[in-house]
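Data first, discussion second: the structure below is written as structure tokens.
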Amino acid sequence: MFDFDNIGTRLRKIREDCHLSQRDFAASINFSVRAYQTWERGENLPSLYALAEIVTHYGVSANYLLGLSDAPAKIGHTLVLQPMSRQFP
């Protein structure tokens with residue numbers, strides 16, 4: 001089981017590690033800063049779509065965001081401390 005507040009704490013850590021403001025982080029995943037702020041404060045949870053955007057854009061694992069793992073990077077990847085470029089087929 002995961003702790004909802006943990007998601008906000010981990011989002012903040014990722015954002016701060018990337019040296020981004022809340023506004024810039026939210027813009028990078030195409031969400032409003034107000035929506036992002038509610039996630040970081042633990043008032044709301046990001047949608048599955050938002051989680052997918054964060055996982056894809058920042059190279060972190062969903063298990064880390066959900067508090068199911070303490071390893072932020074996906075298996076076989078090194079945590080990138082800057083936004084990754086998105087490439088679609």
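Throughout, numbering of the chain's residues begins at 1 and tracks the sequence. Just so you know, these numbers come straight off a predicted model, no measurement behind them.
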Under the side-chain hydrogen bond (donor to acceptor under 3.5 Å, both in side chains) test, residues paired with Asp24 that sit two or more places apart: Ser21

Carboxylate-amine/guanidinium contact Arg10 Asp17, below 4.0 Å: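 No, this pair does not count.
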
Can you tell me how far the [atom1] atom of [X] sits from the [atom2] atom of [Y], to the nearest 0.5 Å?
X	Y	atom1	atom2	value
Asn63	Leu68	CG	CG	5.0 Å
Leu11	Ile29	CG	CD1	7.5 Å
Lys13	Asn6	NZ	CG	12.5 Å
Ser28	Arg15	OG	CZ	11.0 Å

Passing candidate, side-chain contact (heavy atoms from CB on, under 4.5 Å) with Tyr64, options Ile14, Asp70, Ile7: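 Exactly one pass, corresponding to Ile14.
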
Side chain to side chain contact (heavy atoms under 4.5 Å, CB included) against Gln37, all qualifying residues, sequence neighbours excluded: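 For Gln37, the residues satisfying side chain to side chain contact (heavy atoms under 4.5 Å, CB included) (neighbours in sequence not counted) are Gln22, Val33, Arg34, Arg41.
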
Trp39 and Phe31 aromatic ring geometry - parallel, tilted or perpendicular at 30°/60° bounds: perpendicular

Taking every non-hydrogen atom, the tightest pair across Ser32 and Ala26: O-CB, 3.6 Å

Side chain proximity check, Glu53 to Tyr58, heavy atoms < 4.5 angstrom: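 Glu53 does not reach Tyr58 side chain to side chain.
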
Within-4.5 Å side-chain heavy-atom neighbours: Leu66 and Leu51: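 They are in contact (side-chain heavy atoms under 4.5 Å apart), so the answer is yes.
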
